[in-house]
Amino acid sequence: QVQLTESGGGLVQPGDSLRLSCTTTSPDFSKHAMGWIRQAPGKERESLAIISATGLSTHYADSVKGRFTISRNNRENIVYLQMDSLKPGDTAVYYCAESNLPWTTGAFDSWGQGTQVTVSS
């Protein structure tokens, strides 16, 4: 059973930056695409960013393009989400997810428990 653990969430002010981290116990992390997804209260789940197994390809939702950056370290089994210029609308629970494939357009096989990000003045 693969376990994913997110960290780095918290309360920040509009315009601030935050970096989320996600570690996984997957023995095949370097062969799997990873993603960050968020869900705000009363809203549908939104896929924010996806990174390929090699880290060479990424995809972002329009809502975060230019503000968020996904990256990974395959030696340490960790994936990051750098979030800049945060807005109140970014308030949500952020989930890390892992695909069993080297690339995905949004389907994931394993999920973390989520970390809360709150953007408020």
Side-chain angles (χ1 to χ4, degrees):
Q1 182 84 16
V2 172
Q3 291 187 326
L4 289 82
T5 305
E6 302 95 339
S7 62
L11 172 63
V12 296
Q13 295 186 341
D16 283 354
S17 296
L18 205 58
R19 189 177 78 161
L20 305 182
S21 301
C22 171
T23 58
T24 172
T25 60
S26 173
D28 295 315
F29 175 76
S30 64
K31 301 176 184 178
H32 294 165
M34 300 292 295
W36 286 95
I37 302 92
R38 71 184 178 191
Q39 187 162 24
K43 294 188 177 181
E44 293 188 354
R45 189 175 290 178
E46 180 185 16
S47 179
L48 301 176
I50 300 170
I51 188 167
S52 65
T54 61
L56 295 178
S57 297
T58 57
H59 175 79
Y60 295 93
D62 288 342
S63 60
V64 302
K65 196 174 295 183
R67 298 190 299 123
F68 290 11
T69 304
I70 188 171
S71 62
R72 65 190 294 161
N73 185 326
N74 282 353
R75 288 177 295 179
E76 297 184 4
N77 273 33
I78 190 165
V79 62
Y80 301 101
L81 185 68
Q82 176 67 39
M83 305 186 294
D84 299 321
S85 303
L86 283 162
K87 308 173 182 179
D90 293 319
T91 296
V93 177
Y94 285 69
Y95 299 91
C96 171
E98 181 171 351
S99 168
N100 288 342
L101 299 173
W103 178 252
T104 178
T105 55
F108 296 99
D109 300 284
S110 303
W111 292 74
Q113 294 299 306
T115 185
Q116 176 70 45
V117 172
T118 303
V119 185
S120 176
S121 55

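Just the heavy atoms: all of them, side chains too, but no hydrogens, waters or symmetry mates, feed the values below. For the single chain, residues carry numbers from 1 onward in sequence order.
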- prompt: Crowded around Glu46 CD? As in, over 12 foreign heavy atoms under 6.0 Å?
  reply: yes
task: Report yes or no: does Glu6 contribute a side-chain atom to a donor-acceptor pair with the main-chain N or O of Gln113 at less than 3.5 Å?
output: yes
query: What are the two closest heavy atoms between Leu20 and Gly9, and how far apart are they?
result: CD2-N, 3.6 Å
- request: Using the side-chain contact (heavy atoms from CB on, under 4.5 Å) rule, take Leu18 and Asp90 through it: C-alpha gap first, then chi angles, then the decisive distance, then the call.
  value: CA-CA 11 Å; Leu18 205 58; Asp90 293 319; over 6 Å; no
Backbone N/O of Glu76 and side chain of Asn73: donor-acceptor pair under 3.5 Å: yes
- request: Say whether Val64 and Val93 are linked into one hydrophobic cluster, either directly or through other cluster members, by side-chain heavy-atom distances under 4.5 angstrom.
  value: no
- prompt: Measuring from Gln116:CD to Thr91:OG1, what's the distance to the nearest 0.5 Å?
  reply: 7.0 Å
task: Over all heavy atoms of both residues, which pair between Ala33 and Pro102 is shortest? Give the atoms and the distance, please.
output: CB-O, 3.6 Å
- prompt: Is the backbone N or O of Leu86 less than 3.5 Å from a side-chain atom of Asp16, with the two atoms forming a donor-acceptor pair by type?
  reply: no
query: Is any side-chain heavy atom of Ser7 closer than 4.5 Å to a side-chain heavy atom of Thr115?
result: no
message: Can you tell me how far apart NE2 (His32) and CG (Asn100) are? Round to the nearest 0.5 Å.
response: 5.0 Å
- prompt: Do the side chains of Ile78 and Ile51 join up, straight or via other hydrophobic residues, at under 4.5 Å, putting them in one cluster?
  reply: no
- request: Determine whether more than 12 heavy atoms belonging to other residues, nucleotides or ligands lie under 6.0 Å from atom NZ of Lys65.
  value: yes
- request: Check whether more than 12 heavy atoms from other residues, nucleotides or ligands sit under 6.0 Å from atom CD of Gln39, and answer yes or no.
  value: yes
query: Among the clusters formed by ILVMFWY side chains lying less than 4.5 Å apart, do Leu81 and Phe108 turn up in the same one?
result: no
task: Report the C-alpha distance between Asp84 and Ser17 in whole Å, list the side-chain angles of each, state the deciding distance to 0.1 Å, and finish with yes or no for side-chain hydrogen bond (donor to acceptor under 3.5 Å, both in side chains).
output: CA-CA 4 Å; Asp84 299 321; Ser17 296; 2.7 Å; yes
- prompt: When the ring planes of Tyr94 and Phe68 are compared, do they come out parallel, tilted or perpendicular, using 30° and 60° as the limits?
  reply: tilted
field: Met83 and Val119: CA distance, side-chain angles, deciding distance, side-chain contact (heavy atoms from CB on, under 4.5 Å) verdict
entry: CA-CA 11 Å; Met83 305 186 294; Val119 185; over 6 Å; no
- prompt: Do Arg72's NZ or CZ and the ring of Phe29 fall within the cation-pi criteria of under 6.0 Å and 45°?
  reply: yes
query: Are any side-chain N or O atoms of Asn74 and backbone N or O atoms of Thr54, one a donor and one an acceptor, separated by less than 3.5 Å?
result: no
message: Would you compute the distance between atom OG of Ser26 and atom NZ of Lys31 and round it to the nearest 0.5 angstrom?
response: 9.5 Å
- prompt: Checking side-chain contact (heavy atoms from CB on, under 4.5 Å) for the pair Ile70/Tyr60: CA distance, chi angles, key distance, verdict?
  reply: CA-CA 9 Å; Ile70 188 171; Tyr60 295 93; 3.4 Å; yes
- line: Minimal heavy-atom distance between Ser121 and Pro14, with the atoms involved, is N-CD, 3.7 Å
- prompt: What is the distance from atom CH2 of Trp103 to atom OG1 of Thr58, rounded to the nearest 0.5 Å?
  reply: 6.5 Å
query: Restricting to pairs with a member in residues 65-97, which pass disulfide bond (SG atoms under 2.5 Å apart), not counting sequence neighbours?
result: Cys22-Cys96
query: Can you check whether Gln3's main-chain N or O pairs, donor with acceptor, with Thr25's side chain at less than 3.5 Å?
result: yes
query: If you look at every heavy atom in Ser21 and Trp36, which pair is closest and at what distance?
result: O-CH2, 3.7 Å
field: Full working for side-chain contact (heavy atoms from CB on, under 4.5 Å) between Met34 and Leu4
entry: CA-CA 11 Å; Met34 300 292 295; Leu4 289 82; 3.9 Å; yes
message: Quick check: is Ile37 connected to Ile50 through a chain of hydrophobic side chains (ILVMFWY, heavy atoms under 4.5 Å apart)?
response: yes
